[in-house]
Amino acid sequence: MTLRFLVALTLLAGAVQAQSVTGKAFGTYVNVAGMVSQSPVAMLPTTGGMATGQADAYGVPGSVDAQWLNAVTTGAVDTKKTGAQSTSEVENVSAAAGAITADIVTAVATSYFGQFNGGTDATGSGFTNLVVNGVPVTEDVAPNTRVDLPGVGYAILNEQTSTGDGVTSWGITVNMIHVVLQDGLTGLTTGEVIIGSASSSVAR
Amino acid sequence: MIKARHLSLALGAVAAILVAACQDTASPRPSITAGHVKPPPKGGGECANFRLTGGGRVDQRDHLGYAKSTPESHDFATFGFQARPTSACPPTDGSGNIEWNEHNPDEFGGGFAFHGRVTFFTTPTDETAGDSRCGRFGGLGRLNTRNNGTFEDVPFEVSHACDVAEPGVGNDHIKITIGDVYTRHGILSGGNIQQHRLTGNN
C-alpha cells in the first residue's frame, strides 16, 4: 500500500515537473555570409512569466530597414491549464533591398493545453499593406507562401512550422517574412533574413 | 515633486495636442484633459484567488466580432501581460506587467506603445462582475506615442480580461483604459488569455 502510494506520488511529481512552456519573439534576424545581426529578443523562462524585446529602429543596409520593433512573450505553467503566447510586430518594413515592403508585420504564435485538449494557433498574424516585387498584396497571405525575388533569392511569407507530438506537447513558430539569399550564379544559399518572428510551445 | 511631475505631464499633453494639430488639422483628435494625470485608480473589486496571462491582438471594438480590420485603417492593437495578486486574499495589491501597442493613427499620439506596471488585481467591477472567468488589474505606466511624446506614470486599468475558452481567438476578451485618452474593448482576433491557479511566482 505504502509502495503504491510512493509510486503514485513519484509519477505525479514527474508529471508536474515535466510541464513547461517556451516562448520567443523578435523583430528581425539577419545572417549575411555568416555575419549575424539581430534586434532585441524576448525569451520566456520555461516556468512562465513575461519577456519583452524592443527597438525604435533597426537596419542592416541592403537587407532590412524597420521601425517600432516590439516583441512580447507571456506564459504560465499550471496543472489545470498551461499556455504561452508570443507576439512580434515590426513597422515600416523594407526587406531585400526594397523587394518586400509593409506598413506593419505582425506575428502571433499561441500554444496551449487544458484538461481535455491542446493545440496551437497563428491567427492574428498578418501584413498591413504588403508589397512584393512592386505588386500590392491585398489578400491574406496563406501559410508558407513562396515568392521569388529576382536577383536576391526567394522568400517564404507567413512561414509556419509546427513542433510537438500533438499528445503531450504542442508548439508553433511563425516567421512572417523569411528571405533566403542566394548566389546569383551558383544558386547556393548565402544567408537569410527573418522579419516578424514569434514562437511558443507547451508540454505536459 | 508629484505636482511638478503632473505639471510636466500636463505641459507634455498640451505639446502633444499642438503637434497633433499641426500634423493633421483636418481630422479630429481625442482631447487630453487634466484627468490624464489623475491619481492611480484603486482596486474596488474583491480580492482574486487566481492569476492571468495573455497576449495577442484585438481589432474590432465592443464585441463586434473578431475579424481583422482593413489594412488601410491600421485599426488594431497587440498586447502581452501577466498579472496576479501579490498575496492571498484579502489584499488587492497586485504585480505584473502589460505591454499594449496601438496602431491606429487616429488614436492618441498617432498610436503608441504603453508599458504598464501592475499595482492592483481584483475581480471585475464592470459588466463582467460575477463572471469567474474574468479578472481586473491596473497601475501606472509609460506611454510612448508615435509622434515622439513620452508620458510617465500614466494610470491604466484593464477593467476585465476574460478567459472564456481555448483557444482565445473569437472567445476571450479584454478592455483597457489608459489615462482618459484611450479605451479599447474587444474580442481577441489573435492570441489567448488564460486564468491560472494562484501558485508559484509566474
Side-chain angles (χ1 to χ4, degrees), chain A residues 21 23 25 42 44-45 47-52 54 56 67-68 70-89 91 102-104 106-114 116-130 136-138 140 198 200, chain B residues 50-59 66-84 95-101 103 105 111-115 118 144 146 148 163 165-170 172 188-202:
Chain A
V21 292
L44 183 68
T47 53
M50 178 173 174
T52 63
Q54 280 131 357
D56 288 347
Q67 291 180 303
W68 300 101
N70 281 294
V72 184
T73 179
T74 66
V77 174
D78 188 358
T79 52
K80 183 180 176 184
K81 188 182 287 186
T82 288
Q85 40 280 326
S86 303
T87 303
S88 171
E89 283 185 299
E91 297 190 26
D103 287 356
I104 309 172
T106 305
V108 181
T110 304
S111 300
Y112 61 91
F113 70 77
F116 305 108
N117 66 336
T120 62
D121 190 8
T123 307
S125 302
F127 299 97
T128 301
N129 296 332
L130 174 69
V137 179
T138 56
D140 279 347
S200 63
Chain B
F50 58 84
R51 55 195 167 121
L52 290 168
T53 59
R57 167 175 178 154
V58 179
D59 284 63
Y66 56 96
K68 283 195 283 191
S69 298
T70 59
E72 303 78 37
S73 70
H74 293 198
D75 186 16
F76 69 98
T78 59
F79 68 95
F81 71 82
Q82 63 166 348
R84 60 177 294 147
S95 64
N97 296 277
I98 186 169
E99 298 285 330
W100 191 277
N101 297 305
H103 294 282
F112 58 81
F114 181 74
H115 317 267
V118 176
N144 293 319
R146 290 290 188 267
N148 297 319
D163 177 11
E166 303 296 320
V169 175
D172 298 347
L188 268 58
S189 47
N192 203 8
I193 292 172
Q194 281 196 326
Q195 185 187 81
H196 305 279
R197 295 180 308 158
L198 195 54
T199 56
N201 295 319
N202 294 309

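In what follows, chains carry the letters A, B, and so on, assigned in the order in which the sequence lines appear, proteins first and then strands, with residues in each chain numbered from 1.
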Quiz prompt | Partners passing ring pair (Phe, Tyr, Trp, His ring centres under 6.0 Å) against B:Phe114 (at least two apart in sequence or in another chain) | solution =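 Testing B:Phe114 for ring pair (Phe, Tyr, Trp, His ring centres under 6.0 Å), a comparison that skips the adjacent residues, returns B:Phe156.
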Quiz item: Taking only residues two or more places apart in sequence or in another chain, which ones pass ring pair (Phe, Tyr, Trp, His ring centres under 6.0 Å) with B:Tyr66?
Solution: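 Testing B:Tyr66 for ring pair (Phe, Tyr, Trp, His ring centres under 6.0 Å), a comparison that skips the adjacent residues, returns none.
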Exercise. Please report the closest heavy-atom contact between A:Ser200 and A:Ala109, naming both atoms and the distance.
Key: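 That would be OG-O, 3.2 Å.
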Quiz item: Do B:Leu198 and B:Arg84 touch side chain to side chain, with heavy atoms closer than 4.5 Å?
Solution: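 Yes - at least one pair of side-chain heavy atoms lies under 4.5 Å apart.
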Heavy-atom pairs under 4.5 Å with chain A, option from [options] with the top count:
options	result
B:Gln195, B:Lys68, B:Glu72	B:Lys68
B:Asn97, B:Asn192, B:Val169	B:Asn192
B:Ser69, B:Gly190, B:Gly170, B:Pro71	B:Pro71

Region of [X] that comes under 4.5 Å of a non-hydrogen atom in chain B:
X	value
A:Asn129	both
A:Thr123	both
A:Asp140	side chain
A:Ser111	neither
A:Gln67	neither

Self-check item: Modelled atom types, side-chain donor and acceptor of B:His196 and B:Thr53, under 3.5 Å
Solution: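 B:Thr53 and B:His196 do have a side-chain donor-acceptor pair below 3.5 Å.
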Self-check item: Stepwise side-chain contact (heavy atoms from CB on, under 4.5 Å) check, B:Thr78 with A:Thr106
Solution: CA-CA 9 Å; B:Thr78 59; A:Thr106 305; 4.2 Å; yes
Quiz item: Looking at CZ of B:Phe50 and NZ of A:Lys81, how far apart are the two atoms once the value is rounded to the nearest 0.5 Å?
Solution: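 One gets 11.5 Å once the value is rounded to the nearest 0.5 Å.
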Quiz item: Would B:Ser189 and B:Arg57 satisfy side-chain contact (heavy atoms from CB on, under 4.5 Å), going step by step from the backbone distance to the final call?
Solution: CA-CA 5 Å; B:Ser189 47; B:Arg57 167 175 178 154; 3.3 Å; yes
Quiz item: Quick one: of A:Val72, A:Thr74, A:Asp56, who has the most non-hydrogen atom pairs under 4.5 Å with chain B?
Solution: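 Most heavy-atom pairs under 4.5 Å with chain B: A:Thr74.
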Quiz item: Between A:Thr73, A:Val108, A:Thr52, A:Thr82, which residue shows the highest count of heavy-atom pairs closer than 4.5 Å to chain B?
Solution: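 It is A:Thr82.
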Self-check item: Segment of B:Ile193 engaging chain A (4.5 angstrom heavy-atom cut-off)
Solution: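 Neither the backbone nor the side chain of B:Ile193 comes within 4.5 Å of chain A.
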